[in-house]
Amino acid sequence: MIGFGPISKLARSGVLGMNSRNLDFIAAYNPRRFYPLVDDKVITKKLAIEAGVTVPELYGVIRYGGEMNLLEKIAEKHRSFVVKPSNGSGGGGIMVFNGVAKTGLRRMNGQIMLWSDIRYHLNNMLSGMFSMGDGSDQVMVEERLVPHSAFSKLAFGGVPDVRVIVFRGIPVMAMLRLPTAESDGKANLHQGGIGAGIDLVTGITTRGVQHNDSVDVHPDFETPVRDFQVPSWPEILDLASRLGHHIGLGYVGVDIVICEHKGPTLLELNARPGIAIQTANLRGLRPLLLPIHKLPSVPEDVHQRIEIAHANWNGESLERFLAPGEEMRRH
Amino acid sequence: MKRTQLLIIVGALIAAALGIFSYKVTRLGFPVVPNLDSDTWTIEAKVSFRGRGDPVTLRLALPNSEGQFTVVDETFVASGFGVETDTTEIGRQAVFERRAQDGSAVLFYSAKLIAVDQRYADDARPTPEAVSDYRRSERRRAIEENATPLLVALDSILTEALEKSAGERSFITQLARLSADEDEDRISTIIEGGPPEISNASDRLVFLLNAAGTPARHVQGIILDTDTRQAPLTTWVEYWLGETWVSANGTTAEPLNDARTLPIVYDRQPIVAGDGFNRVGVSWSVARNFESQLSRAMERGSEFAPWVNATSLLSLPIDLQLVFRVLLLIPLGALIIVILKQVIGMPAFGTFMPVLIALAFRETQLFTGIALFTGIVAVGLLLRAYFNQLQLLLVPRLAAVLIIVTFVMMFIALAGEAMGIQTGLSISLFPLVIITMTIERMSLTWEEDGATEAMKKALGSLAGAIPAYYILTSEYIEHFAIVFPELLLIVLAVVLLLGRYTGYKVTEYYRFKVLANAGDKTS
């Protein structure tokens with residue numbers, strides 16, 4: 001891509017732009033008919049279980065306003081749980097509760113949310129206010145994941161997660177997303193969460209960004225966000241690779257929470273993962289995606305795929321992973 | 001593969017567009033820029049009357065194609081009435097009939113007038129004859145038999161005018177000058193002795209001219225001047241001079257601009273006649289069309305290439321044309337959106353929101369539009385926040401905001417009227433729904449992504465709406481779109497090409513500046 005000064009500089013750095021992501025990768029590798037598999041989190045959960053991936057336990061699904069008492073029963077039984085719209089996007093509408101009071105449910109920040117407010121919120125979720133597409137939605141009630149203790153000084157008021165971009169079943173790039181006071185406990189970069197780039201081979205964070213600016217320490221704890229070893233890193237890559245391969249989508253974002261009790265657990269899949277991950281890693285996605293795009297086939301074995309992922313991250317040629325008689329694709 | 005297919009389609013579209021365009025411009029002479037001083041007009045007559053429950057026959061005098069204009073595209077709107085046109089010796093008329101009409105009724109007539117190029121006008125018209133009982137030979141004989149004061153005065157006036165003049169034209173001017181002076185003895189004698197209507201200056205001039213042997217007639221018609229809702233019916237005279245009828249001022253006989261006079265009835269024939277009704281009123285309106293070169297091109301087109309006219313939007317009725325004037329601009333608005341979104345990367349609410357906002361501005365003008373939009377959206381946002389506290393469901397809440405926005409618009413219109421400020425707020429469904437949708441989207445973004453993001457998107461939407469507004473209101477672009485709709489194929493081609501654009505957006509450069517600069521250091 002040849003352009004005038006600044007644009008050609010961007011091209012040389014290998015940045016994947018939104019247009020190219022949409023056309024060259026999403027349109028080319030993600031058949032539209034598979035979208036419901038990731039957009040509907042209930043289906044995603046089933047698929048993940050098929051692929052042998054750990055998922056949060058599903059306590060129940062609320063489909064109509066009349067099923068609201070189901071929530072009360074679940075609250076009695078489990079006390080701690082998450083409520084989310086099944087077709088939600090970008091974390092909209094998600095509510096986390098960790099206790100039951102007479103008047104309502106206790107939220108993570110200790111406040112009691114009144115039953116009437118909860119009912120209103122659920123109704124909004126059911127009418128599709130937080131959902132992709134239009135029309136109604138269903139509400140999932142599932143297990144609340146407890147973040148790994150390694151994150152106690154890195155995540156403020158919420159659950160951190162790891163986003164892995166998986167291309168043709170091969171992990172390509174990853175980042176750790178840390179909630180802050182500013183992001184209201186949400187691990188969302190849009191709202192002021194921190195994104196930390198991760199060395200794909202070692203699982204050690206390389207740098208952090210908040211609002212597109214480089215940050216060295218977590219603003220709420222003053223703990224460094226770089227050189228942090230993400231726990232269970234090999235298992236995370238394994239999970240991402242396995243699921244990405246199984247799901248039928250070539251280009252997918254896998255969001256994983258490292259649970260204190262269950263280890264790496266799938267949070268959700270994203271068929272249109274954002275491109276901000278490049279800033280967190282200070283590395284363009286293009287040079288990482290193209291070699292994999294040129295592979296004529298991808299091995300069925302998850303370990304081989306992770307080997308490819310390591311070699312790819314280190315910038316090594318992927319020639320040695322070709323099966324006998326295979327040649328790299330031209331385009 | 002996909003790429004070659006696309007390039008072939010794009011090439012074909014552009015070639016077709018340019019081909020048709022250049023054929024229309026070079027061969028048929030379609031004007032590339034709107035012609036701002038030309039001679040095509042649209043006139044409309046509105047006839048209102050009350051029926052008495054009896055059968056109604058209403059005759060409305062119509063302009064004819066004999067003079068400076070060719071009358072085309074005549075339409076009648078008269079629900080319940082039978083309509084036919086009828087040409088008699090007193091002129092062309094539309095005859096509206098109904099078996100019984102009780103209560104008030106309104107009939108409409110509209111027509112397009114195309115100025116006839118006089119070079120090609122039909123010259124073979126018979127010279128009319130001056131109609132008068134007082135022509136020179138008869139006058140002389142009458143005076144010898146019975147010298148009435150009228151005949152003597154008439155003869156004296158005509159002789160004086162003839163003596164003072166050096167030709168036909170100056171004779172007429174002299175006669176008019178003499179005729180205008182009502183205090184003069186001879187003129188007052190003529191007024192007393194002549195037919196009753198000649199107390200009126202223009203009728204008197206016609207009477208005198210005919211008596212002098214110059215064919216002349218009294219005209220009622222419309223002076224085509226500027227666009228006006230209420231074009232008054234005007235009176236003037238026509239006299240025959242040098243093989244043609246000349247329109248002239250009824251008092252001074254000064255010639256009028258023929259390209260601006262539209263005769264409707266001659267010799268005091270009624271504009272409306274018939275029976276079965278009362279309280280009849282006729283109002284005329286005139287609008288100038290800037291398309292005369294165009295109509296000529298169309299005429300030429302009908303000879304050489306009938307398909308051009310058959311596919312031309314100008315063959316549609318005016319009201320439909322007006323609709324397409326707006327509709328055809330939407331592709332351009334869509335192009336702007338594609339460029340803003342794919343190439344520039346402007347954040348905005350929804351995909352086509354900026355174009356819709358621009359369309360709303362088209363009805364309110366830009367600055368009032370922006371002010372109103374901001375004001376109404378702000379009020380709407382506050383109310384929406386309050387409704388949220390009341391814990392209403394999504395769709396009823398949206399409906400409530402819609403209703404409130406209606407009231408706010410009503411209030412603004414009333415307040416503006418009371419303070420005498422022209423708000424330009426043409427109440428239409430369009431801005432209303434657009435504003436409500438904007439409010440809902442904006443408040444959702446506000447809740448989910450914070451105020452900054454919401455403001456950014458709101459500004460983005462407005463910033464997109466402004467260039468879209470200028471495109472949607474440009475006279476030149478409108479002209480292009482309606483005269484050369486084939487050029488929209490080029491817009492389609494560009495949009496298709498941009499559909500395969502995988503380059504960066506301008507905003508991405510700022511977003512990934514760090515990476516671009518990091519690439520500098522390592523390389």
Side-chain angles (χ1 to χ4, degrees), chain A residues 1-3 5-25 27-28 65 89-93 114 116-117 119-121 123-130 136 182-184 186 188 190-192 207 209 211-214 275-276 278-279 281-285, chain B residues 1-3 6 338-339 341-347 350 387-398 437 440-441 443-454 456-457 497-523:
Chain A
M1 151 106 213
I2 298 154
I7 298 289
S8 68
K9 233 160 61 174
L10 207 56
R12 257 185 281 128
S13 68
V15 168
L16 179 70
M18 197 60 105
N19 290 325
S20 174
R21 179 203 77 168
N22 288 342
L23 270 186
D24 298 334
F25 299 98
S89 69
L114 296 178
S116 64
D117 290 344
R119 211 161 284 134
Y120 178 58
H121 185 72
N123 264 320
N124 273 340
M125 281 200 264
L126 287 172
S127 61
M129 199 170 117
F130 302 101
S136 58
E182 189 189 335
S183 77
D184 195 23
K186 287 179 183 138
N188 195 329
H190 238 39
Q191 292 165 330
R207 71 191 290 263
V209 288
H211 292 305
N212 234 5
D213 298 321
S214 183
I275 51 179
Q278 301 175 105
T279 334
N281 279 282
L282 201 63
R283 192 164 172 178
L285 267 168
Chain B
M1 182 55 202
K2 276 175 201 153
R3 217 184 156 75
L6 184 77
V338 169
I339 290 171
K341 287 242 167 190
Q342 299 311 128
V343 181
I344 298 184
M346 183 104 74
F387 285 148
N388 205 24
Q389 279 193 358
L390 291 182
Q391 304 195 336
L392 304 179
L393 293 176
L394 180 64
V395 179
R397 184 177 61 210
L398 208 56
M437 280 167 60
E440 183 61 23
R441 275 172 178 276
S443 49
L444 267 190
T445 313
W446 196 304
E447 269 170 34
E448 287 175 17
D449 301 324
T452 334
E453 193 67 15
K456 216 194 265 176
K457 282 193 173 174
L497 271 184
L498 284 173
R500 295 290 305 173
Y501 171 73
T502 57
Y504 297 111
K505 302 176 182 182
V506 174
T507 45
E508 278 171 357
Y509 168 67
Y510 294 98
R511 200 173 156 194
F512 295 110
K513 212 173 186 170
V514 219
L515 270 125
N517 294 336
D520 256 6
K521 281 169 215 154
T522 51
S523 62

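All chains are named by letter (A, B, ...) in the order of the sequence lines, taking the proteins before the strands, and each is independently numbered beginning at 1.
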Below 4.5 Å from any heavy atom of chain B, which atoms of [X] appear? Answer side chain, backbone, both or neither.
X: Ser214(A); value: neither
X: Ala276(A); value: both
X: Leu282(A); value: both

Practice problem: Examine distances only and state if a side-chain atom of Asn212(A) and a backbone atom of Arg511(B) form a donor-acceptor pair shorter than 3.5 Å. | Solution: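 A pair under 3.5 Å: yes.
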Practice problem: Identify the two heavy atoms, one from Phe387(B) and one from Tyr120(A), that lie closest to each other, and give their separation to 0.1 Å. | Solution: O-OH, 4.4 Å
Exercise. Identify the heavy atoms of Leu515(B) and Arg283(A) that sit nearest to each other, and give their distance.
Key: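 So the minimum-distance heavy-atom pair works out to CD2-N, 3.2 Å.
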Quiz item: Most heavy-atom pairs under 4.5 angstrom with chain B, which of Asp117(A), Asp213(A), Asn123(A)?
Solution: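 Result: the option with the highest number of such pairs is Asp117(A).
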Atom [atom1] of [X] and atom [atom2] of [Y]: how far apart are they, to the nearest 0.5 Å?
X: Lys505(B); Y: Asn19(A); atom1: NZ; atom2: CG; value: 5.0 Å
X: Leu16(A); Y: Tyr504(B); atom1: CG; atom2: OH; value: 7.5 Å
X: Tyr501(B); Y: Asn22(A); atom1: OH; atom2: CG; value: 13.0 Å

Quiz item: Is there side-chain contact between Val15(A) and Glu508(B), with at least one heavy-atom pair below 4.5 Å?
Solution: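 Side-chain contact under 4.5 Å: no.
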